[in-house]
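First the structure, in the form of structure tokens, and then the observations on it.
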4 protein chains.
Amino acid sequence: MPAASPQPRRPRAGSRRDEAARLAVLHAADDLLVEHGFGALTVEAIARRAGVAKQTIYRWWPSKVEILLDTLIEDSDKRLPVPTERPTAESIRGYLGDFARFLTDDPAGKVLLALIAEAQHDPHTAKSFHTRYLGPRRDQERDMLARAIDAGEVSPRLGLDATIDALVGPIVYCALTGSSIPRDLADTLAEGLLRPRSN
Amino acid sequence: MPAASPQPRRPRAGSRRDEAARLAVLHAADDLLVEHGFGALTVEAIARRAGVAKQTIYRWWPSKVEILLDTLIEDSDKRLPVPTERPTAESIRGYLGDFARFLTDDPAGKVLLALIAEAQHDPHTAKSFHTRYLGPRRDQERDMLARAIDAGEVSPRLGLDATIDALVGPIVYCALTGSSIPRDLADTLAEGLLRPRSN
Amino acid sequence: MPAASPQPRRPRAGSRRDEAARLAVLHAADDLLVEHGFGALTVEAIARRAGVAKQTIYRWWPSKVEILLDTLIEDSDKRLPVPTERPTAESIRGYLGDFARFLTDDPAGKVLLALIAEAQHDPHTAKSFHTRYLGPRRDQERDMLARAIDAGEVSPRLGLDATIDALVGPIVYCALTGSSIPRDLADTLAEGLLRPRSN
Amino acid sequence: MPAASPQPRRPRAGSRRDEAARLAVLHAADDLLVEHGFGALTVEAIARRAGVAKQTIYRWWPSKVEILLDTLIEDSDKRLPVPTERPTAESIRGYLGDFARFLTDDPAGKVLLALIAEAQHDPHTAKSFHTRYLGPRRDQERDMLARAIDAGEVSPRLGLDATIDALVGPIVYCALTGSSIPRDLADTLAEGLLRPRSN
DNA sequence: GGTTAAGCGAGACGGTACGTCTCGTCTTACG
DNA sequence: CGTAAGACGAGACGTACCGTCTCGCTTAACC
């Protein structure tokens, strides 16, 4: 958020964005998704629930998907940080476990699943979802893994991205299909994929 | 919903279901999904494209999702059979590779991804998708794996379902996120998860 | 009520227009105009009041003005017919009086005033109003006057249309400005404008 | 907080109404009405065209109708004065002719017609229009007519107001319905309504 | 071979949400 | 304090589909 630029250029007179309205929309969208599902997540319903005019939503978000992305980014930065400091095999296992818990227990997990889903239906969603969420997060995860390899903590047989897909994929797939995630899944995945070929 | 009254006498007076209309609907739905995506897949559009009245669709399918399920079941039984005869480690690896190709290259793969997605949005879809597709297929896969274990071909460390999730999950996840599926992914997964712990 | 056309041509299969919905819309529009004024006459309000879907209105009428025109034409044909049989000076005076009463007392009079007004604001309204209402009615009035002249009943100094404007104008103007219409206005107008110059 | 200008002849410190803004609004409203019709005459459009903030309009005028009234009053006082000095039959005829020309040729004539129209749709407009424009003008016209009667110039058969309505009504009605106003209309009206009954 | 009942194309219907527009109010920064 | 700028809650606009409901036609099994 930019410091007051001293220039007398006047980018904006008068009104500025109403933070209360912004938060009301974000929370309303989150609540509606969790309570009544993506089908009930209409712009009209969000506006109604947030006590906000539809135009206020359209002024700041191009679609309801971007609202969800905003909440997801804020929430997962806060509640599911990628461990970037001195990563160990242990911290990677821990991250996978946290990720599984995030998906199944955190409301924001529902948001993530809904966005993965909606990205299949709509190319705009796919684009935005990759650019704003998946890409940046993958960058951090790739970095984490690369450092762990450098440190000799792990030595996966697959490429960086493929390894991450192989670790994260099963967890996401279980969440998508509604299976409970077995307690030992994350550890076994890590063990099977992060250690060098034994023969 | 068994027709099966034993007597062949009087299956119905007057008229029977129009097979041409049924196929036209199935193909229209498939084509629309592939050409314009799930967003364009409305009942009205299907009816228009199939040259069929909306009522004819609603008479035989409770929702557009069931139309997709019909095509998916037919197509994946035909083009992606689960190898049930004398399964080997090799045939399991082969199935995983076929599955990856099905998802990315076959039009029916798009249908499967769309249904996984829609199941996140709508509980009815989820129910039907599990009952009619995922469940039966998982039964066959579980059976395949169990026989391979019995035959001493493989010895996974995880439970049956968890193992399948761990093998299939990364492939599905790559397809969902649009990453290309690395050539050696299936093999490495099989190797990492189907052989006993090396230490 | 056209006789059944013998041709097997099939102009319409299945559904036909719902007369009940048509009447509900007409009455709702009329009622809303009279009760709450033109400002409250929105398509949404009409639909709400008529218990009809908006699309049903848009399917059959290009704008709310055409709805009003429909009611006006039906009502004024019924309740303010132009005397076409053997017109006399007396019947013309009578028609002017009826017209004044129609404007002030009949709900359809409000519709006429609203349409005159709206025609000032919107060229489409003006066009339609003239083509569908003012024109045809003027034709009948012109005919009435011409026959009365032929019969020697009256001999106005102005042209046909100008004479009608001169007779009708004051009545409409009073209604538009909300002045009460003096009892002797119609008669005095007729006397002053329909008899030959006295000098 | 401007420094006090030395002259005390400034009735107020700080700011007074901005005459430039006032005129810009008046002209913008006028221009928009003439160029694009009443339908395009929104407060937002006026503000845009005048280079003025909406709030500035709402601060000084309760509605766009009052803006039009302001222009109409100024313009018609200036360009269509009621002949109040020693009125004659001739000057009344002249006034009617001027009025016809005002309605059809002067931009302010369009404003008058628009206000007559809007007064049908909205009671506030009607109230204000009568109080600020029609009433005062009618007072002057009534006075003109009364003096002419006193002077023996004319002797109408109808009451004062009814006579004026009868004279003005046809002209307004022609303008409202878009008919051209016949050259001899004003004179014939005057002759037919201002002279005593001939029999 | 006429009866009859279901399936069919067509499309009107009551609804809901869409994304856009303007309304009249409000808040803020500048001069 | 008046102004320009513009965000805000409100609600109507006209469109697209939803899922339901007649229609009138066609067709095939039954009598």
Side-chain angles (χ1 to χ4, degrees), chain A residues 8 10-18 20-22 40-48 50-60 62-64, chain B residues 9-18 20-22 40-48 50-60 62-64, chain C residues 8 10-18 20-22 24 40-48 50-60 62-64, chain D residues 1-2 12-18 20-21 40 42-45 47 50-60 62-64:
Chain A
R10 197 143 68 68
R12 46 182 56 169
S15 52
R16 233 99 60 269
R17 182 165 187 180
D18 181 343
R22 189 187 138 259
L41 195 74
T42 68
V43 173
E44 304 231 312
I46 297 172
R48 213 146 43 215
V52 139
K54 277 200 306 178
Q55 185 56 46
T56 297
I57 296 182
Y58 284 111
R59 184 156 30 232
W60 298 109
S63 74
K64 63 188 179 187
Chain B
R9 66 166 180 87
R10 227 180 13 107
R12 197 142 311 270
S15 54
R16 239 113 46 276
R17 181 166 187 182
D18 182 343
R22 189 187 137 259
L41 195 75
T42 68
V43 173
E44 305 233 307
I46 297 172
R48 214 147 41 215
V52 140
K54 276 198 315 178
Q55 185 54 43
T56 298
I57 296 181
Y58 283 112
R59 186 159 24 232
W60 298 108
S63 76
K64 65 187 178 186
Chain C
R10 199 144 65 70
R12 45 180 58 167
S15 52
R16 235 99 60 269
R17 182 166 187 179
D18 182 343
R22 190 186 137 259
L41 195 74
T42 67
V43 173
E44 303 232 310
I46 297 172
R48 214 147 42 215
V52 139
K54 276 202 302 178
Q55 186 55 49
T56 297
I57 296 181
Y58 285 112
R59 184 154 32 229
W60 299 109
S63 75
K64 64 187 178 187
Chain D
M1 192 65 60
R12 198 149 305 275
S15 52
R16 239 112 53 276
R17 179 165 189 182
D18 183 342
T42 68
V43 172
E44 306 233 306
V52 140
K54 277 198 315 179
Q55 187 55 42
T56 299
I57 295 181
Y58 283 111
R59 191 165 11 241
W60 299 108
S63 76
K64 65 187 178 186

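Chain naming here is simple, since letters A, B, ... match the order of the sequence lines and numbering starts at 1 in each. Predicted, not measured: the structure shown is a model, and the values here were computed from it.
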Whole-Å distance, K64(B) NZ to dG19(F) P, equals 8 Å
In whole Å, I'd like the distance from the CD1 atom of I57(A) to the C1' atom of dA17(E).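 For the pair I57(A) CD1 and dA17(E) C1', the rounded distance is 13 Å.
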Quick one: side chain to side chain contact (heavy atoms under 4.5 Å, CB included) partners of A45(A), sequence neighbours excluded?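 For A45(A) the side chain to side chain contact (heavy atoms under 4.5 Å, CB included) partners, ignoring immediate neighbours, are L32(A), T42(A), R48(A).
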Could you tell me which residues satisfy side chain to side chain contact (heavy atoms under 4.5 Å, CB included) with A47(B), sequence neighbours excluded, listed by chain and number?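 Residues passing side chain to side chain contact (heavy atoms under 4.5 Å, CB included) with A47(B): K54(B), I57(B).
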Residues I46(A) and K64(A): closest non-hydrogen pair is CD1-CB, 4.4 Å
Give the intermediate values and the outcome of side-chain contact (heavy atoms from CB on, under 4.5 Å) for residues W60(B) and R17(B). CA-CA 9 Å; W60(B) 298 108; R17(B) 181 166 187 182; 3.4 Å; yes
Pairs: protein N or O with nucleotides 7-9 of chain F N or O, under 3.5 Å:
| from | atom 1 | to | atom 2 | distance (Å) |
| --- | --- | --- | --- | --- |
| dA7(F) | O4' | S15(A) | OG | 3.1 |
| dC8(F) | OP1 | D18(A) | N | 2.9 |
| dC8(F) | OP2 | R59(A) | NE | 3.4 |
| dC8(F) | OP2 | W60(A) | NE1 | 2.4 |
| dG9(F) | OP2 | A53(A) | N | 3.2 |
| dG9(F) | OP2 | T56(A) | OG1 | 2.8 |

Give a yes/no on whether any side-chain N or O of T42(B) is located under 4.0 angstrom from OP1 or OP2 of dA16(F). no
Would you mind telling me which of dC13(F), dC18(E), dT25(E) lies closest to the side-chain atoms of Y58(A)? dC18(E)
